[in-house]
J.: 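Have a look at the structure that comes next, please.
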Amino acid sequence: MQLEEIESYQGIKKFAEIGKGIMITLTLACDCFCKHCGIQIYKRKNKQPLSTTELKERIIDKMDDIGFKVLLLFGGEPTLHRDFFELVRYATKKGLYIHIDTNGHKMSDLDFVKKIKDLNPKLTFILVSLDSADPKVHDRFRGMKGSWEKAVQSIKNCVALDIPVGISTVVSKQNLKNGDYKRIIQLGKDLGVKRVRSITPIMIGRWHQQDVKLSPEEMKEFFSLLEPNFVFWEQFCDGTVPFVCSSIVRWYFFVSPYGDVQPCCYIPLSFGNVRNEELKKIVERMWASSYFKIERANINKCDCPMNDPYVRDRLMKMFKRSQGYPAEYDENIFNSE
């Protein structure tokens, strides 16, 4: 399917009207210890994360240069950043929309949520991670007792303040089989969320060496549970439109906590660092790279490249030479047979 055809769908048109987005990891600090975490691989003892000033000057101030309007705040847990409210205020003054991915712990405090809304009344979305409809299962998965109650309370707070809020959950072999995924969907309806965003398992981070991918049969079952305008696979696919990877179609990219520009938070390849080059220059080089050309042409767009044997084989060659994640991109890897 060509990009022009994908963009013809109404749900995707609505997204395009809001604008494309940059995901930034405000902090790697987190009060959870999730089994599926794919971000902590970036942690470096000998590096300083981007300062608040760098985040403003090297990313937020440069978004107009590439025509992006949505700032996706990610972590770790973004609400733990010491200047979280200052960055929301600054981005709002720049005319940006804000999207927040959170475990909901801080937002279980109603005053905390009120302050976010006061700073940015046009929030695009808040997504609260929920791994199970069963509090004990969620808490065990998150490695923190009481996490489920805080996540649910944060959703209730957002609904009460009329802030668009959804559930973000990982679809696994286990919760498909035992019906927990269905119960999460029902819980979302009971709580009054706008959507349930579902993520399929990716072999990265703490799942790096585990074959957690859903089988074709499991994918078929998962797809049957999508609901128009409510249960989504990633951002857009609700059973009425095709699956779209926002990174593949260049609607989204990621900046690591240390300034590395990557196609996605789950693709640990650096195409440059905002501390050394202008953001626009790095992004243009990334999108023109052999990685994007071969990826769009040859792999199944209904799965993450990190789950694709062909892509993983080539990525591993770069990772083996690297001192850590992300690895510096080698243009020759995807050019060679």
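Values in this document were obtained by computation on a predicted structure and should not be read as measured data. Only heavy atoms go into these numbers, but all of them, side chains included; no hydrogens, no water, no symmetry mates.
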J.: Measure from NZ or CZ of R285 to the centre of the six-membered ring of F271, then state whether that distance is under 6.0 Å and the direction lies within 45° of the axis.
T.: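 No.
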J.: Among side-chain atoms of E218 and S215, is any donor-acceptor pair under 3.5 angstrom?
T.: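 Indeed, the side chains of E218 and S215 share at least one donor-acceptor pair under 3.5 Å.
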J.: Is the side chain of D65 donor-acceptor paired with the backbone N or O of K280 at a distance under 3.5 Å, no angle test?
T.: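 Not at all, since once roles are kept as given, no pair shorter than 3.5 Å links the two residues.
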J.: Which Ile, Leu, Val, Met, Phe, Trp or Tyr residues join M144 in one cluster when any pair of side-chain heavy atoms under 4.5 Å counts as a link?
T.: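 Members other than M144 - counting any ILVMFWY side chain reachable under 4.5 Å - there are none.
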J.: Just to verify, what does F112 make a ring-ring contact (aromatic ring centres under 6.0 Å, His included) with, not counting sequence neighbours?
T.: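 In terms of ring-ring contact (aromatic ring centres under 6.0 Å, His included), with neighbours along the sequence ignored, F112 is linked to F84, F85.
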J.: Go through the steps to decide whether E54 and V274 satisfy the test side chain to side chain contact (heavy atoms under 4.5 Å, CB included), and finish with yes or no.
T.: CA-CA 9 Å; E54 287 176 314; V274 296; over 6 Å; no
J.: Are there over 12 heavy-atom neighbours, none belonging to K281, within less than 6.0 Å of that residue's NZ?
T.: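 It does not: K281 NZ has 12 such atoms or fewer within range.
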J.: Take W287 and I66, measure what side chain to side chain contact (heavy atoms under 4.5 Å, CB included) needs, and give me the verdict at the end.
T.: CA-CA 12 Å; W287 285 340; I66 52 175; 5.7 Å; no
J.: State whether the number of non-hydrogen atoms from other residues, nucleotides or ligands found under 6.0 Å of K117 atom NZ is greater than 12.
T.: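 Enclosed.
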J.: Look at the side-chain heavy atoms of Ile, Leu, Val, Met, Phe, Trp and Tyr, link any pair under 4.5 Å apart, and say whether F125 and L123 land in one connected group.
T.: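 Different clusters.
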J.: Checking side chain to side chain contact (heavy atoms under 4.5 Å, CB included) for the pair D131/I184: CA distance, chi angles, key distance, verdict?
T.: CA-CA 8 Å; D131 300 307; I184 292 171; over 6 Å; no
J.: Determine whether K20 and Y252 satisfy the following criterion, side chain to side chain contact (heavy atoms under 4.5 Å, CB included), listing intermediate values before the conclusion.
T.: CA-CA 6 Å; K20 302 172 183 179; Y252 146 95; over 6 Å; no
J.: To the nearest 0.5 Å, how far apart are CE in M286 and OG in S270?
T.: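 If we round to the nearest 0.5 Å, M286:CE and S270:OG are 10.0 Å apart.
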J.: Output the distance between atom NZ (K114) and atom CD1 (I163), rounded to the nearest 0.5 Å.
T.: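 Answer rounded to 0.5 Å: 10.5 Å.
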J.: Linking I/L/V/M/F/W/Y whenever their side-chain heavy atoms sit closer than 4.5 Å, directly or via other members, would I167 and L226 fall into one cluster?
T.: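 The answer is yes; both residues are in one hydrophobic cluster.
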J.: When you measure from the side chain of H99 to the backbone of T124, do you find a donor-acceptor pair of N or O atoms at a distance under 3.5 Å?
T.: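 No: the side chain of H99 does not pair with the backbone of T124.
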J.: For R142, is there any backbone N or O sitting under 3.5 Å from a side-chain donor or acceptor partner on S147?
T.: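 Flag not set: sc S147 to bb R142 has no pair under 3.5 Å.
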J.: With a 3.5 Å distance limit and no angle check, can you tell me whether N175 reaches the backbone of S172 through a side-chain donor-acceptor pair?
T.: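 Yes, the answer is positive, given that a donor and an acceptor are paired below the 3.5 Å cut-off.
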J.: Tell me which pairs pass side-chain hydrogen bond (donor to acceptor under 3.5 Å, both in side chains) where either residue lies in residues 70-94, with sequence neighbours left out.
T.: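 side-chain hydrogen bond (donor to acceptor under 3.5 Å, both in side chains) check on residues 70-94 returns T52-D83, K56-E86, D61-Y90, D61-K94, E77-T79, E77-T102, E77-N103, E86-R89, T92-N120.
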J.: Would L127 and F141 show up in the same hydrophobic cluster when neighbours are defined by side-chain heavy atoms closer than 4.5 Å?
T.: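 Not linked; separate clusters.
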J.: Would Q153 and N157 satisfy side-chain hydrogen bond (donor to acceptor under 3.5 Å, both in side chains), going step by step from the backbone distance to the final call?
T.: CA-CA 6 Å; Q153 184 59 51; N157 289 343; 3.0 Å; yes
J.: Would a hydrophobic clustering, with Ile, Leu, Val, Met, Phe, Trp and Tyr connected at side-chain separations under 4.5 Å, put L80 with L50?
T.: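 As far as the 4.5 Å side-chain criterion goes, L50 and L80 are not connected within one cluster.
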J.: Are the side chain of R195 and the backbone N or O of Q235 linked by a donor-acceptor pair below 3.5 Å?
T.: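 Flag set: sc R195 to bb Q235 pair under 3.5 Å.
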J.: Kindly state each residue pair satisfying salt bridge (charged side-chain N to carboxylate O under 4.0 Å, His left out) with at least one member in residues 159-168, sequence neighbours excluded.
T.: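 For residues 159-168, and leaving out neighbouring residues, there are no salt bridge (charged side-chain N to carboxylate O under 4.0 Å, His left out) pairs at all.
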J.: Hey, could you give me the CE/OG1 distance between M219 and T200, rounded to the nearest 0.5 Å?
T.: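 These two atoms lie 5.5 Å from each other.
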J.: Verify the cluster assignment for V88 and M63: are they in a single hydrophobic cluster under the rule of side-chain heavy atoms below 4.5 Å apart?
T.: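 Both belong to a single hydrophobic cluster.
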J.: Taking the side chain as every heavy atom from C-beta outward, state whether T169 and I199 have any atom pair closer than 4.5 Å.
T.: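 A side-chain contact under 4.5 Å is absent here.
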J.: Applying the side chain to side chain contact (heavy atoms under 4.5 Å, CB included) criterion to I126, which one of I155, I100, I98, L73 satisfies it?
T.: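 Single side chain to side chain contact (heavy atoms under 4.5 Å, CB included) partner of I126 among I155, I100, I98, L73: I100.
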J.: Once side-chain hydrogen bond (donor to acceptor under 3.5 Å, both in side chains) is applied, do any residues pair with D190, and if so which ones, sequence neighbours excluded?
T.: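 side-chain hydrogen bond (donor to acceptor under 3.5 Å, both in side chains) check on D190 returns Q186.
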J.: With a 6.0 Å cut-off (strictly less than), is the heavy-atom count around CD of E227, excluding the residue itself, greater than 12?
T.: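 Check passes, neighbour count above 12.
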J.: Testing the basics here: between F223 and C237, what is the closest heavy-atom pair and its distance to 0.1 Å?
T.: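 Reported closest heavy-atom pair: CE1-SG, 3.7 Å.
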J.: Under the salt bridge (charged side-chain N to carboxylate O under 4.0 Å, His left out) criterion, do R197 and D101 qualify, and how do the steps go?
T.: CA-CA 11 Å; R197 193 272 297 271; D101 270 273; 3.1 Å; yes
J.: Under 3.5 Å, side chain of Q262 to main-chain N/O of I267, donor-acceptor pair present?
T.: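 At least one qualifying donor-acceptor pair exists.
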J.: Test of understanding: with ring-ring contact (aromatic ring centres under 6.0 Å, His included), list the residues that count as partners of F253, not counting sequence neighbours.
T.: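 Only F68 meet the ring-ring contact (aromatic ring centres under 6.0 Å, His included) criterion with F253.
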J.: Indicate yes or no for a side-chain donor-acceptor contact from N178 to the backbone of Q174 under 3.5 Å, with no hydrogens or angles considered.
T.: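 Yes; at least one donor-acceptor contact below 3.5 Å.
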J.: Looking at S198 and F232, would you say the former's side chain and the latter's main chain have a donor-acceptor pair under 3.5 Å?
T.: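 Side chain of S198 to backbone of F232: a pair is present.
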J.: Distance alone, cut at 3.5 Å: any donor-acceptor contact between the side chains of D134 and S132?
T.: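 Short answer, no.
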J.: Check whether the side chains of S290 and E331 place a donor and an acceptor atom closer than 3.5 Å, and report yes or no.
T.: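 Yes, side-chain donor-acceptor contact under 3.5 Å.
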J.: So which atom in S247 and which in F292 form the shortest heavy-atom distance, rounded to 0.1 Å?
T.: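 Shortest heavy-atom contact: O-CE2, 3.2 Å.
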